[in-house]
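Values reported hereafter were calculated over all heavy atoms of this structure, with side chains retained and with hydrogens, waters and symmetry mates removed.
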Amino acid sequence: MTVPVVSVIIAAKNAEETIGGSLKSLVNQRFTRDELEVIVVNDGSTDDTAGVIAEFADLLNLVTIHNTESRGVSTARNSALEAATGETITYLDGDDWYAPGHLRSLTDSITGLGVDFVKTNYLIVNGFKRKLRTAPCLTHNTALNPRDFILPHDASTMVDFPECWTGIYSRSMAQRGLLEFNPALRTCEDRPWTWRHHLETDSFAVVDTAGLCYRKGSATSLTAIFDERQLDFIPAFRSVFAMLEEKPEFRRFERKAVRNFLSILYFQIHNRGSSMSHEVRSKLNVGAVNTLQGVDNDIIDQALHNYGEHRLPVIESIVRRAR
């Protein structure tokens with residue numbers, strides 16, 4: 001039996017209008033049918049997502065998992081991962097798509113460079129507008145040490161580029177349990193996932209491709225919806241802090257993790273605060289205070305260095321209560 005070159009994991013919910021484009025783009029990736037395995041989890045859709053997926057049964061090596069009730073994106077991806085048989089694994093959302101040949105370039109890169117994972121740029125598509133989002137790493141097409149690209153704390157680095165669909169990952173990472181998501185996280189699930197990759201793998205690379213098209217403004221995207229699920233960044237970063245406490249050599253990254261947490265806290269309050277109910281805002285305040293109380297004050301002070309005078313007033317009451 002031929003082992004697929006790559007398994008593409010797609011978690012989809014109510015994606016009837018977009019998933020056809022996602023699957024159609026996979027037909028044009030320069031793979032034979034046996035080389036490309038596509039695993040789609042239809043996560044409790046109430047529209048005709050299942051019907052659209054079925055239209056591609058003869059065009060792709062397609063495995064479909066149907067959840068009668070939504071189990072969340074983390075659990076959906078984990079169930080697809082268990083079914084995946086490819087030499088490499090990647091992710092695609094049900095409203096995004098690839099330019100022709102993009103996926104082949106990624107599999108060639110991870111195989112040719114012999115690294116654990118590869119990350120790449122992507123295009124943000126908003127209607128007719130296109131904007132390139134580049135990975136925050138200047139060294140391309142070279143095997144790198146993942147721990148060398150976590151710092152500095154006050155600049156964008158590879159742990160600030162966490163989206164799972166910007167990468168392709170080796171089978172060995174799956175075998176080590178490094179591709180499993182925390183099923184308790186409904187949002188921000190890729191933050192601790194990415195931190196773990198940079199702490200525990202041996203090598204990675206960034207390559208110059210921009211054939212992944214990310215659809216911005218989708219009405220069903222969790223990034224476009226505010227409710228209590230958005231507060232999962234709090235337990236997500238608690239797990240990051242716990243990782244850094246496991247080994248003395250990881251403690252040098254604490255300032256970076258706290259800076260990440262404070263930046264997301266600022267974003268939630270500044271951009272979404274007016275949309276929060278009193279109950280949700282209260283939970284955010286209490287959760288953030290409790291999380292920061294477990295961090296040394298010196299680390300918080302260092303993380304706030306050059307934080308920005310316009311941003312600090314938004315979070316300073318929470319920081320003050322945590323001390």
Side-chain angles (χ1 to χ4, degrees), residues 4-67 70 72-73 76-77 79-81 83-84 86 88-107 118-134 163-169 187 189-190 207 209-225:
V5 174
V6 59
S7 296
V8 179
I9 290 173
I10 304 176
K13 180 181 178 182
N14 293 335
E16 173 188 359
E17 295 184 0
T18 59
I19 195 168
S22 302
L23 294 173
K24 184 177 180 180
S25 75
L26 290 172
V27 178
N28 301 311
Q29 295 304 314
R30 301 204 306 267
F31 292 101
T32 67
R33 182 183 177 90
D34 290 339
E35 288 179 322
L36 173 61
E37 177 181 64
V38 182
I39 306 171
V40 183
V41 181
N42 179 18
D43 191 35
S45 296
T46 55
D47 63 4
D48 194 33
T49 295
V52 177
I53 295 170
E55 293 175 4
F56 289 84
D58 294 332
L59 298 174
L60 293 167
N61 177 12
L62 191 62
V63 178
T64 307
I65 300 170
H66 292 286
N67 295 337
S70 177
V73 66
R77 288 174 179 159
S79 63
L81 181 62
T88 59
I89 295 159
T90 191
Y91 300 84
L92 181 66
D93 281 354
D95 52 0
D96 301 337
W97 68 96
Y98 295 143
H102 171 76
L103 190 55
R104 173 60 81 177
S105 71
L106 289 186
T107 59
V118 163
K119 299 283 273 188
T120 188
N121 311 323
Y122 64 95
L123 285 173
I124 301 171
V125 180
N126 190 353
F128 292 105
K129 297 179 181 179
R130 302 288 189 272
K131 181 180 180 181
L132 179 65
R133 171 94 193 275
T134 58
E163 296 86 357
C164 65
W165 33 262
T166 60
I168 187 167
Y169 312 90
T187 60
E189 73 287 343
D190 44 13
V207 299
T209 62
L212 168 63
C213 299
Y214 164 73
R215 188 190 306 271
K216 185 175 181 180
S218 173
T220 60
S221 171
L222 279 177
T223 61
I225 301 169

[X] (side chain) donor-acceptor with [Y] (main chain) under 3.5 angstrom:
{"X": "T18", "Y": "G94", "result": "yes"}
{"X": "K13", "Y": "V73", "result": "no"}
{"X": "Y169", "Y": "C164", "result": "yes"}
{"X": "R30", "Y": "R104", "result": "no"}
{"X": "R215", "Y": "W97", "result": "no"}
{"X": "S22", "Y": "D96", "result": "yes"}

Using the ring of each side chain (for Trp, its six-membered ring), is Y214 parallel, tilted or perpendicular to W165, with breaks at 30° and 60°?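 Ring orientation, 0 to 90° scale: parallel.
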[X]: which residues meet the side chain to side chain contact (heavy atoms under 4.5 Å, CB included) condition with it, sequence neighbours left out?
{"X": "L59", "answer": "V27, F56"}
{"X": "V5", "answer": "F31, E35, T107"}
{"X": "D47", "answer": "N14, E16, S45, T49"}
{"X": "R130", "answer": "V125"}

Find the distance between [atom1] ([X]) and [atom2] ([Y]) and round it off to the nearest 0.5 Å.
{"X": "D48", "Y": "I19", "atom1": "CG", "atom2": "CD1", "value": "11.0 Å"}
{"X": "E189", "Y": "R77", "atom1": "CD", "atom2": "CZ", "value": "5.0 Å"}
{"X": "L60", "Y": "E55", "atom1": "CG", "atom2": "CD", "value": "12.0 Å"}
{"X": "C213", "Y": "L92", "atom1": "SG", "atom2": "CG", "value": "10.0 Å"}
{"X": "N42", "Y": "I53", "atom1": "CG", "atom2": "CD1", "value": "4.5 Å"}
{"X": "L212", "Y": "R133", "atom1": "CG", "atom2": "CZ", "value": "12.0 Å"}

Looking at every non-hydrogen atom in both residues, tell me the closest pair between A80 and I9 and how far apart they are.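 For A80 versus I9, the nearest heavy atoms are CB-CG2, 3.5 Å.
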Taking all non-hydrogen atoms of both residues into account, name the closest pair between A76 and A11 and its distance.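 Looking at all heavy atoms of both residues, the closest pair is CB-CB, 3.9 Å.
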How would you list, by chain and number, every residue that makes a side-chain hydrogen bond (donor to acceptor under 3.5 Å, both in side chains) with [X], sequence neighbours excluded?
{"X": "N67", "result": "D43"}
{"X": "S79", "result": "none"}
{"X": "T209", "result": "T120"}
{"X": "Y91", "result": "none"}

Return the set of residues passing salt bridge (Lys or Arg N to Asp or Glu O under 4.0 Å) with E37 (not counting sequence neighbours), or none when no residue passes.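 By the salt bridge (Lys or Arg N to Asp or Glu O under 4.0 Å) rule, E37 matches no residue at all.
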May I ask you to test the T134-L132 pair for a side-chain heavy-atom distance under 4.5 Å?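 Yes; the side chains approach each other to less than 4.5 Å.
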Ring pair (Phe, Tyr, Trp, His ring centres under 6.0 Å) partners of Y98, counting only residues at least two apart: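 With neighbours one apart ignored, the set is H102.
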Out of L103, I89, N61, V40, which one pairs with V8 under the side chain to side chain contact (heavy atoms under 4.5 Å, CB included) rule?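 Result for side chain to side chain contact (heavy atoms under 4.5 Å, CB included) with V8: L103.
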Does atom CD of E17 have more than 12 heavy-atom neighbours from other groups under 6.0 Å away?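 For E17, atom CD is not crowded (no more than 12 foreign heavy atoms under 6.0 Å).
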Given V38 and L36, is the side chain to side chain contact (heavy atoms under 4.5 Å, CB included) satisfied, shown in steps? CA-CA 7 Å; V38 182; L36 173 61; 4.1 Å; yes
I10 and L26: side chain to side chain contact (heavy atoms under 4.5 Å, CB included), yes or no, with the steps? CA-CA 11 Å; I10 304 176; L26 290 172; 4.1 Å; yes
